[in-house]
Amino acid sequence: MSRKYFGTDGIRGKVGKPPMTPEFALKLGWAAGRVLGGAAGTHVLVGKDTRRSGYMFESALEAGFAAAGVETHLLGPLPTPAVAYLTRALRAKAGVVISASHNPHFDNGVKFFSADGDKLSDDIEAQIEAQLEHELVCVPPEQFGRARRIDDAPGRYIEFCKGSFQSRSLHGLKLVLAERHNVPVVELAMLFNAGRAADAGGRSGTASLALDMLDEGAGKLGSLDIARRESELGSSLSAATQRDVSMVGLSTIDGKLPEALDLYATVVTQPTFPEAELARVKQRMLAGIVQEKSDAFGLARRVLSRQLYGEGSPYAYAGAGLESDVKAIGRDDLVAFQQRWMRPDNATLIIAGDTTLARIKPLLEARLGGWKAPAAPLPVKPPVDAPAQAGQRVFLIDKPGAAQSLVLAANLAPPAADPDEEAMGTVNVALGGTFNSRLNMNLREAKHWSYGAGSTLIRARGPQVFLADANVEEPRTADAVREMRRELADLVGAKPLGAAEIESAKQGQLRSLPGDFESVGGVLGGVGHLIEFGLPDDYWNALVPRVLALQPPQLQAAAQKLIKPDQLTWVVVGDLSKIEAPVRALKLGEVKVLDGDGRMLR
């Protein structure tokens, strides 16, 4: 059946060109309202993505539905699956999402969902198209539809996502399943309580190298065999080393799940760390370290963690490790790491996607049931201390000829599981987490010294790092340090966050949350976040109301907990022949010049 407007994914086009005009959207809302309308109180849901044109089309559709006597419940920015879910959960007559998926920003579209959250039938779409050919006639004024916003729409969707998690165990291996049946994809992530922190007392880079070597040989398979098998199955293996955890991942289509699990289980439980591949992978890792040192931020990051946490701390190394350590790592070190840390009783396997516990658990039992924990007790990582710091410190790193300088200001902050984490996160967003945050509006928009300035809270189970950063013009290096110091001091003192800043920071966090759970990988990451940082199971359920409830006194207290203007560690990377003297003249505190590995030069 031919269509004039509706395609396979609704109505789409370039904004401002027919059919994607506000006039057409108004009449589309009216036509859909006439077809879908019924008893008094009939309502439809309208969500959108973050395109600027979405606000225009939202208003136009709302007016059209009102003219047809249909109530509109506005959801705000949400991913498409969230609109489909809420249409069903809130018992709406239909749902509408204003989005053009991954099309360019100048495109947009309108897609309708039926009351059960599925795509509208061809018959209903045909009826709407037929109604569009009629003249728009409003219902009597007393029958106009009303509109209201559903402020907690993101929270409802997150609660739905979180509410589907199921936890079990398999011979000591903890299992967490999050079912998502909208696409035939299954993703897994096995998180080991190891990470770079497990290198403490040994050679830095061991954990990273061990994880990088997993797909170079396992069981009877060599690296080419593993790569060929991934290609045949349309699956992909992955491995990553974070500060607190080591992760081995799998992404596969549902139809190849058993075969993909065969490969995954072999790689996880039977790595061979072949000597023939080790030299090549080490060389690649060493090249990565050289690349880190060539980049100003990579260079600063390598130095900063060691200065904040102290030599010997499990968190001392943020990069790939020291070159001397990586060169010294042998196959025996990798085998020892795998045997000590990669054991079932030290891991959590997260599964997300198109499967059920009844299906996945027997498949895992057949492949991982024989994987037993060794008799040795579980390894324990050393505690991470937050060393006391009296006064500010400045560390300079030379990058001769640099036209810009990188300025970092950092201090240690409470762990991710701290009760004030949401408040500290909100403060950070307002200070430097968005384009219109204080730091960026000052150094970029007002002063024109930088292409971008911001701040972040580097998550960790132990003491976290609060970090403010800016790349600035070389002649303005010392001026930028002074301005950043003033902004940080003002925030915790004479110039606390205002009402507009607080509301913007809250909404900026909450409106991005549904998108974080839009894909199967996003759901997997959301569960992994809880495990990696030791957060409670109801964290995502409680996050939205906790953020919305934050008040100025709480945020001011959190700011003072997060930022220590008189205990900052500064790292400045640039051409020291030009910037060293002006930075020293600021007299912030003791100034030292370091090399790329943090060794003091003077």
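Just so it is clear, the structure is predicted and the values come from calculations on it, not from any experiment. Positions are given from 1 along the sequence.
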Kindly check if the number of other-residue, nucleotide or ligand heavy atoms within 6.0 Å of CD (Gln291) is above 12? no
Determine, step by step, whether Lys48 and Asn108 satisfy the side-chain hydrogen bond (donor to acceptor under 3.5 Å, both in side chains) criterion, reporting the C-alpha distance in whole Å, the side-chain angles of both residues, the deciding distance to 0.1 Å, and the verdict. CA-CA 10 Å; Lys48 61 190 177 189; Asn108 216 328; over 6 Å; no
For Phe192 and Trp371, take the angle between the two ring planes, folded into 0 to 90°, and tell me which bin it lands in: parallel under 30, tilted 30 to 60, perpendicular over 60. perpendicular
Find the distance between CD1 (Ile531) and CZ (Arg461) and round it off to the nearest 0.5 Å. 9.5 Å
Walk me through it: do Asp333 and Arg203 pass the test salt bridge (Lys or Arg N to Asp or Glu O under 4.0 Å)? CA-CA 9 Å; Asp333 297 307; Arg203 295 187 173 104; 3.1 Å; yes
Is Ser235 close to Leu250 at the side-chain level, that is, under 4.5 Å between some pair of heavy atoms? yes
Distance check, rounded to the nearest 0.5 Å: Arg340 atom CZ versus Asn346 atom CG? 10.0 Å
Just wondering, do Phe113 and Val83 contact through their side chains at under 4.5 Å, heavy atoms? yes
Can you spot which of Asp295, Val290, Ile289 makes a side-chain contact (heavy atoms from CB on, under 4.5 Å) with Lys293? Ile289
Establish, from distance only, whether the side-chain atoms of Asp244 and Tyr315 form a donor-acceptor pair under 3.5 Å. yes
When you check the gap from the basic side-chain N to the acidic O, do Glu259 and Arg229 get nearer than 4.0 Å? no
Step-by-step side-chain hydrogen bond (donor to acceptor under 3.5 Å, both in side chains) determination, Ser204 to Asp199: CA-CA 6 Å; Ser204 63; Asp199 288 343; over 6 Å; no
Apply side-chain contact (heavy atoms from CB on, under 4.5 Å) to Lys111 and Val96, showing your working. CA-CA 6 Å; Lys111 181 176 181 178; Val96 184; over 6 Å; no
Could you tell me whether the side chain of Leu278 reaches within less than 4.5 Å of the side chain of Ile329, counting heavy atoms only? no
If only atom types and distance count, is the side chain of Thr87 paired as donor or acceptor with the main-chain N or O of Ala115 below 3.5 Å? no
Test your reading of the model: is there a side-chain donor-acceptor pair from Thr272 to the backbone of Gly217, 3.5 Å cut-off? yes
Check this for me: does any side-chain nitrogen of one of Asp225 and Arg228 sit under 4.0 Å from a carboxylate oxygen of the other? yes
To the nearest 0.5 Å, what is the distance between CZ on Arg51 and CG on Asn103? 6.0 Å
Within 45 degrees of the ring normal and closer than 6.0 Å to the centroid, is that where the cationic atom of Arg367 sits relative to Tyr264? no
dist Leu349:CG -> Leu177:CG (nearest 0.5 Å) comes out at 9.5 Å
Between atom CG of Leu334 and atom CD of Gln339, what is the distance when rounded to the nearest 0.5 Å? 11.0 Å
Would a distance-only check, ignoring hydrogens and angles, find a side-chain to backbone donor-acceptor pair under 3.5 Å from Arg511 to Thr50? no
Would Gln509 and Thr426 count as a side-chain hydrogen bond (donor to acceptor under 3.5 Å, both in side chains) if you check the C-alpha gap in whole Å, the side-chain angles of each, and the deciding distance to 0.1 Å? CA-CA 8 Å; Gln509 295 176 88; Thr426 302; 2.8 Å; yes
Measure the acute angle between the ring planes of His529 and Trp540, then classify it against the limits of 30° and 60° as parallel, tilted or perpendicular. tilted
Closer than 4.0 angstrom, basic N to acidic O: yes or no for Arg180 and Asp354? no
Take Asp123 and Ser121 through the side-chain hydrogen bond (donor to acceptor under 3.5 Å, both in side chains) test and state the conclusion after the steps. CA-CA 5 Å; Asp123 179 60; Ser121 68; 5.0 Å; no
Hey, mind stepping through Lys256 and Glu232 against salt bridge (Lys or Arg N to Asp or Glu O under 4.0 Å) and telling me if it holds? CA-CA 10 Å; Lys256 296 294 184 180; Glu232 291 169 350; over 6 Å; no
Please examine the side chains of Asp49 and Leu78, heavy atoms only from C-beta on, and report whether any two atoms are closer than 4.5 Å. no
Go through the steps for Thr252 and Val185 under the test side-chain contact (heavy atoms from CB on, under 4.5 Å), then give the verdict. CA-CA 6 Å; Thr252 186; Val185 171; over 6 Å; no
What is the distance from atom CG of Leu263 to atom CG of Leu221, rounded to the nearest 0.5 Å? 7.0 Å
Side chains of Val520 and Val183: closer than 4.5 Å at any heavy-atom pair? yes
